[in-house]
Amino acid sequence: MKRTIFILLILFSCCKEQSKAEGKIEEKIQRTDFGLDFSDFAILKFNPEWHWIFENSKPSPADLKLNELSKIESILEKAIIEHNSELENDSRWKLELEGYNRQYVAILNEKGEKEVWINFFCDTGWTEDQLKSYPYEVDDGGNCFFNIKINLTTGSYGDLRINSIA
């Protein structure tokens, strides 16, 4: 009987340690180096039907690697700080990087530079499949919905668009 209890205690101890290790691995898999959970963003392959994203250009689809997202994040931080510093006391247009779902669409422009359109939106109740399928679009919504373009090749940004308020 003592032997059985001893074996059970050893098995329980081993399983508990394995469970802790699996939890750490799972956490590492779910979070990116730049702080977002993988369920909070999607990288979409550019579809020519989305011509409105990259108007006045003839883009070709490009891949976007996870390590490029860290570079994008530092450019986004600069863009948001500059945008918010230009606001006069109207918090309806103030932007933040946290609390949004994101969609990334990368292309190569006519010059061969990699551009990325990032779509930010508050929780929509979309499924993960919907998030990964097509750009989320709404009318109105204010700073709950905005997008911006980043040129990864030059490190610049532009075309910041915030939805209007109904």
Side-chain angles (χ1 to χ4, degrees), residues 25 27-88 90-166:
I25 291 169
E27 180 180 327
K28 199 171 193 176
I29 290 171
Q30 288 180 356
R31 299 216 34 105
T32 63
D33 289 339
F34 65 100
L36 288 180
D37 286 337
F38 282 102
S39 62
D40 292 338
F41 72 93
I43 299 172
L44 307 177
K45 184 174 174 98
F46 177 70
N47 181 334
E49 291 178 12
W50 306 336
H51 56 85
W52 49 268
I53 293 177
F54 295 99
E55 296 172 1
N56 304 320
S57 66
K58 295 180 182 174
S60 57
D63 291 329
L64 187 61
K65 297 175 178 42
L66 285 177
N67 65 347
E68 292 174 313
L69 294 176
S70 293
K71 183 177 180 183
I72 289 171
E73 199 66 16
S74 65
I75 298 168
L76 282 172
E77 287 173 8
K78 179 181 176 187
I80 298 305
I81 289 169
E82 287 181 9
H83 166 78
N84 289 341
S85 71
E86 294 173 3
L87 294 176
E88 291 184 14
D90 193 347
S91 63
R92 296 176 300 167
W93 307 114
K94 184 177 181 182
L95 300 177
E96 297 180 18
L97 292 177
E98 294 184 22
Y100 292 91
N101 289 312
R102 300 181 189 185
Q103 293 173 312
Y104 298 82
V105 178
I107 57 109
L108 292 177
N109 65 21
E110 295 94 355
K111 298 177 186 175
E113 300 168 335
K114 188 178 282 191
E115 291 186 40
V116 183
W117 177 79
I118 305 115
N119 193 25
F120 291 81
F121 48 94
C122 297
D123 187 24
T124 62
W126 266 25
T127 66
E128 196 170 327
D129 287 342
Q130 289 172 313
L131 183 67
K132 293 179 179 181
S133 298
Y134 49 92
Y136 187 76
E137 296 178 86
V138 297
D139 292 326
D140 302 322
N143 64 355
C144 197
F145 303 94
F146 70 97
N147 52 66
I148 189 171
K149 290 179 188 161
I150 289 183
N151 185 314
L152 267 176
T153 306
T154 64
S156 62
Y157 66 89
D159 208 12
L160 173 63
R161 295 180 182 195
I162 305 169
N163 278 26
S164 63
I165 298 174

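No hydrogens, no waters, no symmetry mates; every other heavy atom, side chains included, goes into these values.
Applying the ring pair (Phe, Tyr, Trp, His ring centres under 6.0 Å) criterion to F46, with sequence neighbours excluded, gives F54.
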- Task: Start with the C-alpha distance between F121 and L131, add both sets of side-chain angles, then the distance that settles side chain to side chain contact (heavy atoms under 4.5 Å, CB included), and finish with yes or no.
- Result: CA-CA 11 Å; F121 48 94; L131 183 67; 3.3 Å; yes

- Verdict with reasoning, K149 to I107, per side chain to side chain contact (heavy atoms under 4.5 Å, CB included): CA-CA 11 Å; K149 290 179 188 161; I107 57 109; over 6 Å; no

- Task: Evaluate the side chain to side chain contact (heavy atoms under 4.5 Å, CB included) criterion for residues I72 and I75: first the C-alpha distance (whole Å), next the side-chain angles of each, then the deciding distance (0.1 Å), finally the verdict.
- Result: CA-CA 5 Å; I72 289 171; I75 298 168; 5.7 Å; no

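Heavy-atom minimum distance, I80 versus L95: CG2-O, 3.3 Å. For the residue pair K114 and T153, the shortest heavy atom distance occurs at N-OG1, 2.9 Å. Between I148 and A79, the closest heavy-atom pair is CD1-CB, 3.7 Å. Taking both residues in full, the closest heavy atoms of L64 and A106 are given as CB-CB, 4.0 Å, listed atom of the first, atom of the second, then distance. Across L44 and P135, no two heavy atoms sit closer than the pair CD1-N, 3.8 Å.
Partner of I162 under the side-chain contact (heavy atoms from CB on, under 4.5 Å) criterion, out of F120, W93, F145: W93 alone. With respect to R102, the side-chain contact (heavy atoms from CB on, under 4.5 Å) criterion is satisfied by exactly one of N147, L97, I43, N119: L97.
Other residues, nucleotides and ligands place no more than 12 heavy atoms under 6.0 Å from the CD atom of E49. Other residues, nucleotides and ligands contribute only 12 or fewer heavy atoms inside 6.0 Å of the CG atom of D63.
Here the CD1-CH2 distance, from I53 to W117, works out to 4.0 Å after rounding to the nearest 0.5 Å. To the nearest 0.5 Å, the span separating NZ on K94 from NE2 on H83 amounts to 10.0 Å. Remark: W50 CH2 to K45 NZ distance equals 10.5 Å, nearest 0.5 Å. The structure places OG of S156 at 9.0 Å from NZ of K78, a figure rounded to the nearest 0.5 Å.
By the 4.0 Å N-to-carboxylate-O rule, D159 lies close enough to R161 to be salt-bridged with it.
A perpendicular orientation is assigned to the rings of Y100 and F146, their planes being inclined by more than 60° (bins at 30° and 60°).
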